[in-house]
Amino acid sequence: MDTKNDIKNKIATLREELHRHNYLYYVKNATDISDYAFDTQLKELEALEKEHPEFADSNSPTQRVGDDRDQRFEQVAHQYPMLSLANTYNDQELRDFDTRIRKTIGNDFTYVCELKFDGISISLRYQNGALTKAVTRGDGASGDDVTANVKTIRSIPLQLPPGDYPEFFEIRGEIYLPKDRFLKMNEEREQQGDKPFANPRNAAAGSLKLINSSAAAKRPLDCYLYYLMADQLPASSHYDNMQKALQWGFRVPDTMKRADNIDQALQYIAHWEENRHDLPYEIDGIVIKVDGLTHQQQLGFTAKSPRWAISYKYKAEQAVTKLKSIDFQVGRTGVVTPVANLEPVQLAGTTVKRASLHNQDIIKSLDLHYSDMVYVEKGGEIIPKITGADTEQRTPEAKPVTFITHCPECNTKLERKEGLAAHICPNENHCPPQQKGKFVHFISRKALNIEWLGEETIQLFLSQNLIETLPDLYELKTTDLVKLERLGEKSAQNIIESIEKSKSVPMQRVLYGLGIRFVGETVAKTLAKEIQSIEELAQTSVEELIEINDIGTRIAESLYSWFRTPENQKLVERLKHHGLQMEADKPTNSSNELDGLKIVATGKLTNFSRSEIKETIEKHGGKAVSAISAQTDFLLAGENAGDSKLNKANKLGVRIISEEEFLEMIN
Ligand code: IVH
């Protein structure tokens with residue numbers, strides 16, 4: 001029998017643990033516990049507190065929703081508190097919920113079943129049809145003002161067309177990152193040496209909390225809306241109100257369904273448990289709500305959640321399989337990633353054969369041994385991860401998994417910088433995957449854009465010893481290339497021409513192309529704005545670099561040490577010698593080439609964002625206009641330019657120019 005003191009201690013420990021998990025989840029966007037384990041602990045605490053009201057505390061995690069507030073944003077008080085939902089993981093608990101509802105409102109009511117989107121909840125305020133504020137849940141009473149970032153999400157209307165909506169209303173929903181965009185974003189992050197996000201939810205949360213809204217605009221977020229609030233709502237049921245919101249122009253999920261009773265709700269749950277993996281976004285369960293607003297009012301709220309709604313959460317699917325071996329993969333930036341090879345096993349709709357182990361610390365914390373039977377889960381449903389090993393099935397002779405000490409590709413001793421989890425192969429210029437990766441990055445569209453080269457040709461050139469470091473590309477001759485079996489005269493010429501053409505790409509893209517760790521596209525642009533040339537950058541101290549907005553110690557130190565390496569200094573010198581752009585474009589009125597010309601830009605441009613093209617046109621004396629008329633001088637058409645603009649230009653005799661022609665005009 002536990003003494004009172006034991007119980008008090010147990011309660012304190014659970015509270016502390018849950019506070020810590022809440023902090024990790026809401027503030028750090030990094031969890032180290034499954035939803036199921038968290039909810040189980042929370043329920044245990046709830047039961048103890050119920051049994052022992054003498055230990056009640058209004059700050060207990062059972063009494064509060066989590067807190068995602070971030071001091072860098074302005075805090076805004078919610079007009080209506082933003083609550084959480086009670087959770088259940090099984091049918092019986094859902095039936096108990098149904099019984100409780102019936103006790104209060106009788107048998108004559110309907111439910112609405114909805115998907116539980118796994119993202120970040122958001123509250124949008126509209127005044128006279130205009131979006132005025134977007135606020136995160138925060139601690140339920142006040143949240144972060146993320147209006148600027150939310151305005152970059154295209155499916156959220158900034159201004160509604162005229163309609164029968166209330167003068168003021170609030171609409172709530174979930175901001176999320178679709179699965180395919182998440183995978184693409186992580187791929188790009190890894191290419192740029194940034195840490196990938198563990199799952200779409202963390203990626204969405206991180207994106208929504210970016211201070212720089214133009215950076216946030218590049219994160220492809222989306223939003224579904226599921227709750228409308230106003231003093232006077234248009235209809236008397238939740239479902240009908242959401243249909244109204246749909247008519248007004250909001251993105252309301254069409255997966256939302258009415259259910260006449262709890263059995264129908266359970267069918268909905270079973271259907272999506274089976275089919276959820278085919279959805280283009282992640283869900284972590286189903287939400288069941290009482291439909292009638294009068295019924296909702298009768299049921300009311302607890303301190304944390306409405307009594308008229310509940311969420312049924314799906315357990316993360318788990319499989320057990322054998323750990324066969326571990327590969328250590330070396331990426332473009334030299335980061336060594338351990339990947340587990342598994343006995344193939346079915347999990348969440350796919351066959352899993354491999355799982356990432358991320359780094360040494362993770363391997364250590366899992367205490368993995370070769371041939372272990374391991375538990376595999378889909379972290380955030382997509383990337384399989386090993387969550388533990390079944391130690392009971394381990395044989396005494398099983399050897400623990402240890403991290404390698406030398407690069408599996410070039411045998412150089414690996415390094416691990418203090419404070420970082422990753423092991424790195426420092427032989428960046430000669431380690432084969434790093435060497436090839438450097439070229440592939442250098443020729444890519446956003447860097448030097450050498451269109452006629454691809455990964456395979458680079459591999460071919462490397463294997464034939466035609467190239468070793470980046471400047472070697474500029475010494476290639478058609479005669480070298482035609483000797484290669486797979487290349488004809490024409491392709492050889494095309495390659496040489498596209499290499500030649502790359503000499504005119506602006507400095508920021510050359511800098512990005514160098515593939516310096518942590519120097520992605522945005523950082524390269526920032527640097528090019530502040531620093532006149534790559535040579536000047538090479539002379540800049542860490543302290544001076546940190547003074548530049550958005551450049552932190554990590555980036556500054558990486559740049560500094562890159563430019564201090566004699567081999568890299570030589571590389572920069574050779575690129576300069578070959579005529580690449582090593583100086584930034586002059587910021588002010590650089591020419592009058594476009595004097596008085598009216599230019600409409602459309603489609604996707606390689607060298608400019610929307611605001612940059614406008615700026616560039618104006619810098620050269622032209623006028624950037626948005627609609628084509630007979631007065632327009634040029635239509636600058638990028639990739640995927642819309643037919644309507646092209647047709648109109650043709651009809652009015654407006655000359656259509658490509659991005660290259662435009663660049664020639666201003667040069
Ligand atoms: S309704 C008062 N509906 O789940 C009821 N919430 O655990 C407010 N969520 O904070 C919530 N999908 O971020 C509702 N279809 C849905 C949802 C949903 C996801 C999230 C929401 C909420 C959390 C509660």
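FYI, side chains are in, hydrogens and waters are out, and symmetry mates aren't considered; it's all heavy atoms of this structure. When a residue number appears, it is its place in the shown sequence, counting from 1.
Remark: the backbone N or O of Asp144 is paired with a side-chain donor or acceptor of Thr136 at under 3.5 angstrom. Judged by distance alone, with hydrogens and angles left aside, the side-chain atoms of Tyr560 form no donor-acceptor pair with the main-chain N or O of Val542 at under 3.5 Å.
The side-chain hydrogen bond (donor to acceptor under 3.5 Å, both in side chains) check on Asp278 picks up nothing, with sequence neighbours excluded. With sequence neighbours excluded, the residues forming a side-chain contact (heavy atoms from CB on, under 4.5 Å) with Val572 are Ile534, Trp562, Phe563, Met582, listed by chain and number. With sequence neighbours excluded, the residues satisfying side-chain contact (heavy atoms from CB on, under 4.5 Å) with Ala398 are His369, Arg394, Thr395. The salt bridge (Lys or Arg N to Asp or Glu O under 4.0 Å) test applied to Glu174 returns no partner, not counting sequence neighbours. Among residues two or more places apart in sequence or in another chain, the salt bridge (Lys or Arg N to Asp or Glu O under 4.0 Å) test is passed with Asp361 by Arg416. In terms of the side-chain contact (heavy atoms from CB on, under 4.5 Å) criterion, residue partners of Thr565 (sequence neighbours excluded) are, by chain and number, Glu567, Asn568. For Glu455, the side-chain hydrogen bond (donor to acceptor under 3.5 Å, both in side chains) partners are Lys436, not counting sequence neighbours. With sequence neighbours left out, Val320 forms a side-chain contact (heavy atoms from CB on, under 4.5 Å) with Met373, Tyr375. Qualifying salt bridge (Lys or Arg N to Asp or Glu O under 4.0 Å) partners for Glu639, counting only residues two or more places apart in sequence or in other chains: Arg445. Residues satisfying the salt bridge (Lys or Arg N to Asp or Glu O under 4.0 Å) test with Glu17, not counting sequence neighbours, are Arg20.
Distance check, rounded to the nearest 0.5 Å: CG of Leu221 to CE of Met185 gives 7.5 Å.
A salt bridge is defined here as a Lys NZ or Arg NE, NH1 or NH2 lying under 4.0 Å from an Asp or Glu carboxylate O, and Lys322 with Asp372 fails to meet this definition. Arg564 has no carboxylate O lying under 4.0 Å from a charged side-chain N of Glu557, or vice versa, which leaves the two without a salt bridge. In this structure, Asp222 pairs ionically with Arg251, as a charged nitrogen and a carboxylate oxygen lie closer than 4.0 Å.
Taking the centre of each ring, His441 and Tyr512 come in below the 6.0 Å mark.
Using the six-membered ring where Trp is involved, Tyr281 and Tyr224 have ring planes that are perpendicular, over 60° apart on the 30 and 60° scheme.
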Distance-only donor-acceptor pairs under 3.5 Å for side chains of residues 461-471, two or more places apart:
from: Ser463; atom 1: OG; to: Gln459; atom 2: O; distance (Å): 3.3
from: Ser463; atom 1: OG; to: Leu460; atom 2: O; distance (Å): 2.8
from: Glu468; atom 1: OE2; to: His430; atom 2: ND1; distance (Å): 3.4
from: Thr469; atom 1: OG1; to: Arg574; atom 2: NH1; distance (Å): 3.3

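Listed by first and then second residue, the salt bridge (charged side-chain N to carboxylate O under 4.0 Å, His left out) pairs involving residues 421-432 are Glu428-Lys438 (not counting sequence neighbours).
Contact of the Gln434 side chain with the Thr333 side chain is not registered, since no non-hydrogen atoms from C-beta on lie closer than 4.5 Å.
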